[in-house]
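Structure record follows, encoded as structure tokens.
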Amino acid sequence: MDWVDLRSDTVTRPTPAMRAAMLDAEVGDDVYGEDPTVNALQQRLAGDLGFEAGLFVPSGTQSNLLALMSHCERGDEYIVGADAHTYKFEGGGAAVLGSIQPQPIAHDTDGSLPLDKVAAAIKPVDPHFARTRLLALENTWHGRVLPMAYLQAARDLARERGLALHLDGARLYNAAVTDGVPARAIASHFDSVSVCLSKGLGAPVGSVLVGSAALIDKARRWRKVAGGGWRQAGMLAAACLHALDHQVERLAQDHARAARLAEGLRELPGVKLLGLHTNMVFVDVPQERLRELDAHLREAGVRISIGYLPTLRLVTHLDVDDAGVERVIAAFKTFFAA
Ligand SMILES: *Cc1c(COP(=O)(O)O)cnc(C)c1O
């Protein structure tokens, strides 16, 4: 079955051209710093985003963890969104492995963390309290693009209060394409940025953490401790470089297809369109019909993820074309017409 898989943009498979780039990659032992393709990827992203250094890692989870552990020491605290990936979807790694206390803050509907609440959460310097060291933001957050003016205000607050500022930019390029700005215009507000190449950008594996040379040195050490030192990873880095060269601008197509999907579902009785954000469409359908809907969509070759979020999240990506979107709309139509 040729599935239209809307569960996530992580399900993309490498294109033939990406596979060819992987086959041709020059490689070496990256623990010795000798993989030329890994080095090229790290320098490329650090340069593009305006940082001194980069570190190639297997996952966004590890990239965020290494960032938190490099900014914070045992007994330090980071301020983070209550619905942020680093806090909620990474197994509590910062606390488990870094002895870093999270201070979660409720998000505003646009995904931002209200800065008055952030400021109020910063602990005084006193032995009673954990030492607040870092503010972590996420862009995009559930597909939402944080406003540029907000990033500047967060930067100002962090500077004024002596906090470091980390961005979980798993989908940084979706935000940049939407804002119509180079990714570095967003990244430049931060002290470190984690980018996923394995989501909408379409690489099979990999994230890159960028920051100062000193921060990345610490992160490299923690990566080894976490078992993430790898060897001829250039074959994977080649896929990531290919993605950066050929699959960034096309994110706009994913956003256009998400918009078409939202438009097609908007008028259906029984479907409530809750939001359209970059490559994600959020809809509510009657809870009691969810399993039945899932089975109906599978018959039509459409996969969705149910029971993970309170609402349905439908995600477009490299492997969903125009015909795929029309197939999804048609399948929803026959279900809700019946
Ligand atoms: C996917 C994701 C991550 C982590 O990526 P993995 O590679 O799955 O570990 C981090 N943050 C956000 C916002 C993500 O969507």
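Hydrogens, waters and symmetry mates are skipped; everything else that's a heavy atom, side chains included, is used. Just follow the structure's listing: the first ligand is 1, and inside any ligand the first atom is 1.
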Show your reasoning for whether side-chain contact (heavy atoms from CB on, under 4.5 Å) applies to V4 and L6.
CA-CA 6 Å; V4 179; L6 301 178; 4.1 Å; yes
Candidates R223, K224, R231 - the one meeting salt bridge (charged side-chain N to carboxylate O under 4.0 Å, His left out) with D30
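So, applying the salt bridge (charged side-chain N to carboxylate O under 4.0 Å, His left out) to D30 and each of R223, K224, R231, only R223 qualifies.
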Parallel, tilted or perpendicular: which fits the ring planes of F282 and H142, with parallel below 30° and perpendicular above 60°?
parallel
Tell me whether the rings of F336 and F332 are parallel (<30°), tilted (30 to 60°) or perpendicular (>60°).
parallel
Return the protein residues near ligand 1 (heavy atom under 4.0 Å from any of its atoms), ordered by chain and residue number.
S59, G60, T61, N64, H85, E90, E138, D168, A170, R171, C196, K199
Do H317 and D5 have side-chain atoms, one donor and one acceptor, less than 3.5 Å apart?
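Judged by distance alone, the side chains do not pair up.
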Salt-bridge test for R155 and D191: reply yes if a basic N is under 4.0 Å from a carboxylate O, no otherwise.
yes
